[in-house]
Amino acid sequence: FTTKHLFAVERKIERLARQLSSQNHHPIEKLKTQNLLKDYEQQTGKTLTHEQHEAVKHLMGKKALRCLVGRAGTGKSFTLGAARYVWEACG
C-alpha cells in the first residue's frame, strides 16, 4: 500500500530512469580514469580492490544511467566516492 503522492513520485522516478537509460553522456577515457583512481587511493590511503576498479570502469561508461549493486560491507560507498572523484576531476 502507498499514498497517491508517493505513487506519483515513484512513477516520475521510473520515467526519468527510462529516459536516462536511453541517453549517453561523455565517457571518460580509461587512462584518465586509472590515473585519477591512483590519485584517489593516495589521498584516501586506501586501495580499491579489483572488483571496485571494475565497478568504477562500469560507472564511467557512456550510458547516462548505471547501477552499482553489492552486499553490505563490500565497499560500495568507497567505490562511489572514487567514481565521484573522477567525475568531479573531469568536470
Side-chain angles (χ1 to χ4, degrees):
F1 297 103
T2 189
T3 65
K4 288 181 181 182
H5 173 72
L6 188 54
F7 184 73
V9 170
E10 289 173 349
R11 294 286 306 244
K12 183 177 181 179
I13 291 169
E14 183 181 5
R15 191 170 45 254
L16 290 170
R18 276 199 198 105
Q19 289 173 349
L20 284 172
S21 68
S22 66
Q23 296 175 5
N24 292 332
H25 69 93
H26 303 289
I28 299 170
E29 297 174 24
K30 290 179 184 180
L31 182 59
K32 190 168 194 169
T33 299
Q34 291 171 350
N35 290 334
L36 288 167
L37 289 178
K38 288 177 188 175
D39 293 343
Y40 181 75
E41 289 176 330
Q42 287 177 345
Q43 287 184 15
T44 61
K46 297 179 181 179
T47 304
L48 291 158
T49 66
H50 174 73
E51 291 83 5
Q52 289 169 325
H53 273 278
E54 292 299 311
V56 172
K57 284 197 277 185
H58 168 73
L59 293 170
M60 296 297 122
K62 68 178 183 175
K63 289 292 181 184
L65 180 66
R66 297 290 184 155
C67 292
L68 177 64
V69 179
R71 293 180 179 214
T74 57
K76 294 180 301 297
S77 295
F78 182 60
T79 302
L80 288 172
R84 178 182 178 186
Y85 180 83
V86 173
W87 285 319
E88 288 179 350
C90 294

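- Residues passing the side chain to side chain donor-acceptor pair (under 3.5 Å) test with Q19: none are found, sequence neighbours excluded.
- Closest non-hydrogen pair, K32 versus C90, comes out as CE-SG, 3.7 Å.
- For residues 37-48, no residue pair satisfies the salt bridge (Lys or Arg N to Asp or Glu O under 4.0 Å) rule, not counting sequence neighbours.
- Taking the salt bridge (charged side-chain N to carboxylate O under 4.0 Å, His left out) definition, one finds that E54 meets it with K57, sequence neighbours left out.
- Grouped with V69 in a hydrophobic cluster is no other residue, since no side-chain heavy-atom contact under 4.5 Å to another Ile, Leu, Val, Met, Phe, Trp or Tyr is found.
- Residues passing the side chain to side chain contact (heavy atoms under 4.5 Å, CB included) test with A64, sequence neighbours excluded: L20, Q23, H25.
- A distance-only check finds a donor-acceptor pair linking the side chain of T79 to the backbone of G75 [under 3.5 Å].
- The salt bridge (Lys or Arg N to Asp or Glu O under 4.0 Å) analysis of residues 58-79, with sequence neighbours excluded, yields no pairs.
- When the salt bridge (charged side-chain N to carboxylate O under 4.0 Å, His left out) test is applied to E88, the partners found at least two apart in sequence or on another chain are R84.
- Other cluster members for L31: none, since no ILVMFWY side-chain heavy atom sits under 4.5 Å from it.
- Here side chain to side chain donor-acceptor pair (under 3.5 Å) pairs that include residues 1-12, with residues two or more places apart or in two chains, number zero.
- Under the salt bridge (Lys or Arg N to Asp or Glu O under 4.0 Å) criterion, the residue pairs touching residues 18-29 are E14-R18, with sequence neighbours excluded.
- Residue L48 belongs to a hydrophobic cluster whose other members are I28, L36, L37, Y40, V56, L59, M60, L68, F78, L80, Y85, V86, W87, with links defined by side-chain heavy atoms closer than 4.5 Å.
- Other members of the cluster containing F7 do not exist, because no ILVMFWY side chain is joined to it at under 4.5 Å.
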